[in-house]
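Order of listing sets the numbers, starting from 1, for every ligand and every atom in it. Computed from heavy atoms alone, side chains included, the values below leave out hydrogens, waters and symmetry copies.
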Amino acid sequence: MTEHDVRPLVESEYRAAHDLFRAALHMPAATDSAWWRMAPPYEFGRVWGDHIDGALAGTAMAFPSSVVLPGGAELPAAAVTAVGVRADRTRRGVLTHLMRAQLNEAWQEGEAIAMLHASETPIYGRFGYGVATRARTVRLEKASAKLREDAPGGGEVRLVDPESARELLPGIYRGMPSRAGMISRPSAWWETRLRRDDPSGEPIVIAVHRDESGDDDGFAIWTVHSNDPRFGDGRTTLRLLDMCAASSAARCELWRFLLGIDLVDEVVAIERPLDEPLEWWLTDSRQCRVRDVYDDLWVRPVDVTAALRGRDYGGSEAVVLEVRDTTLPHNEGRYLVGPDGVERVEREAQLSLDVALLAPLLFGEVASSTLADANLLAVHDPAALSVADALFATGRYSWCGTHF
Ligand SMILES: CC(=O)SCCNC(=O)CCNC(=O)[C@H](O)C(C)(C)COP(=O)(O)OP(=O)(O)OC[C@H]1O[C@@H](n2cnc3c(N)ncnc32)[C@H](O)[C@@H]1OP(=O)(O)O
């Protein structure tokens with residue numbers, strides 16, 4: 001049997017842990033400058049390692065953040081990242097040990113939620129994570145994607161350098177109207193984002209939007225990739241990595257700016273909200289080509305009571321929901337969930353599900369009746385299903401938009 005030695009790593013071990021993570025993603029060890037870019041989130045000191053035969057076999061880290069739930073409440077959350085196991089040590093429970101240690105740490109820290117972006121979908125469900133938000137990648141051909149003349153806009157867009165961006169962008173982000181799925185970005189996250197070159201080595205370019213009354217209210221971050229015409233097709237792609245704005249006027253004006261940049265053939269934007277009204281801003285809606293729709297933020301309720309209490313509910317009736325949670329047994333039990341509040345009860349359950357399916361319900365990503373159709377939600381009282389549908393409906397897609 002494999003002997004595991006799971007413990008928090010110390011600072012002198014962080015770089016090796018990061019290199020192990022990079023190797024698991026088939027990336028070379030970090031150069032000094034790559035490590036300088038990626039080190040800030042390690043500074044929170046929440047880095048775990050599992051050791052086999054005295055050598056580091058796997059690692060996972062987290063930094064403190066928060067996430068907005070439907071209704072606008074913000075809950076403290078552990079942002080989990082840099083998870084990797086050595087290729088010659090996989091499938092012996094290393095990740096399982098790391099996940100348990102990390103989730104217990106989040107519980108001790110009083111974090112109601114743990115959250116991450118998954119490299120592959122089969123990995124995290126067994127630890128109680130489920131898809132909370134989805135996002136899409138869109139591609140616009142610059143020559144044919146034209147914004148309607150009466151699409152929103154106004155104000156002006158200017159390029160800023162990373163030093164100014166460090167001053168400006170965190171405040172603009174905090175000023176955005178809150179939306180379910182959005183997370184807080186600690187300064188360490190900004191340090192990494194604004195230091196980071198694309199893996200291809202292209203530098204980031206940053207623009208800020210200022211509204212007509214002189215307030216900065218939106219920004220975009222991108223890289224530009226050109227294909228040498230002597231060898232390739234000579235096309236130039238602008239890759240939009242991050243765009244946030246406080247108003248649709250600011251957002252549309254940023255799109256107008258991007259689609260007007262010279263010597264660009266196409267704009268490809270990742271992790272955009274499913275309901276960004278690009279199709280509606282264009283003269284020809286088909287010019288917004290949706291390349292892909294994918295799971296974005298995965299959420300794991302660490303404290304189910306706090307997570308259930310963190311959101312608003314629709315409808316007028318309550319249901320008794322049973323939650324199974326083998327990883328964090330303190331969550332196991334029955335919850336009366338209704339528009340008047342949430343409490344633990346001993347009553348018979350009307351519906352029951354695994355904790356991993358709570359996040360899609362909490363964030364309005366799926367209806368209870370759809371989960372029941374998929375045999376993922378057990379229905380003990382059929383009348384409760386439509387009540388649960390009404391309770392958890394959100395009316396708007398949740399969206400994260402922050403990669404970590
Ligand atoms: C938030 C992030 O950082 S996302 C990045 C995650 N990292 C990567 O994708 C890097 C490449 N992959 C890896 O490093 C490893 O394969 C990991 C981290 C995905 C899994 O680590 P392992 O130590 O092998 O996982 P562990 O042995 O604890 O597996 C537990 C269970 O999950 C299953 N599992 C683990 N990884 C996968 C996977 N990629 N696909 C399908 N099942 C998987 C195992 O088969 C096992 O199932 P079982 O309990 O039924 O036997």
Looking only at protein heavy atoms, which one is nearest to [atom], and how far off is it?
atom: atom 4 (S) of ligand 1; result: Tyr124 OH, 3.3 Å
atom: atom 7 (N) of ligand 1; result: Val83 O, 2.8 Å
atom: atom 19 (C) of ligand 1; result: Ile123 CD1, 3.4 Å
atom: atom 27 (O) of ligand 1; result: Gly93 N, 2.8 Å
atom: atom 38 (C) of ligand 1; result: Arg91 NH2, 3.5 Å
atom: atom 14 (O) of ligand 1; result: Val85 N, 2.8 Å
atom: atom 29 (O) of ligand 1; result: Thr96 OG1, 4.1 Å
atom: atom 41 (C) of ligand 1; result: Pro122 CB, 3.7 Å

Indicate yes or no: does [X] engage [Y] in a salt bridge with an N to O separation below 4.0 Å.
X: Glu13; Y: Arg7; value: yes
X: Glu141; Y: Arg139; value: yes
X: Glu202; Y: Arg239; value: no
X: Arg15; Y: Asp32; value: yes
X: Asp296; Y: Arg134; value: no
X: Arg309; Y: Glu343; value: no

To which of Ala24, Ala87, Ser119 does the heavy atom nearest atom 5 (C) of ligand 1 belong? Ser119
The one among Leu95, Leu25, Thr2 that brings a heavy atom closest to atom 25 (O) of ligand 1: Leu95
Taking 4.0 angstrom as the limit and counting only heavy atoms of His117, give me the atoms of ligand 1 inside it, by number and element. 1 (C), 2 (C), 4 (S)
Between Thr327 and Arg100, is there a side-chain heavy-atom distance shorter than 4.5 Å? yes
Is any side-chain heavy atom of Leu98 closer than 4.5 Å to one of Val83? no
Protein non-hydrogen atom found under 4.0 Å from atom 9 (O) of ligand 1: yes
Heavy atom of protein inside 4.0 Å of atom 45 (O) of ligand 1, strictly below: yes
Any nitrogen or oxygen of [X], main chain or side chain, under 3.5 Å from a nitrogen or oxygen of ligand 1?
X: Arg92; answer: yes
X: Leu116; answer: no
X: Arg126; answer: yes
X: Glu120; answer: yes
X: Gly84; answer: no

Verify the distance criterion only: is there a donor paired with an acceptor across the side chains of [X] and [Y] at less than 3.5 Å?
X: His403; Y: Glu271; result: yes
X: Ser164; Y: Asp161; result: yes
X: Arg185; Y: Thr402; result: yes

Looking only at heavy atoms, is any part of Tyr129 under 4.0 Å from ligand 1, and if so is it the side chain, the backbone, or both, or is it neither? neither
Run through Arg286, Arg136, Arg289 and flag the one making a salt bridge (Lys or Arg N to Asp or Glu O under 4.0 Å) with Glu279. Arg136
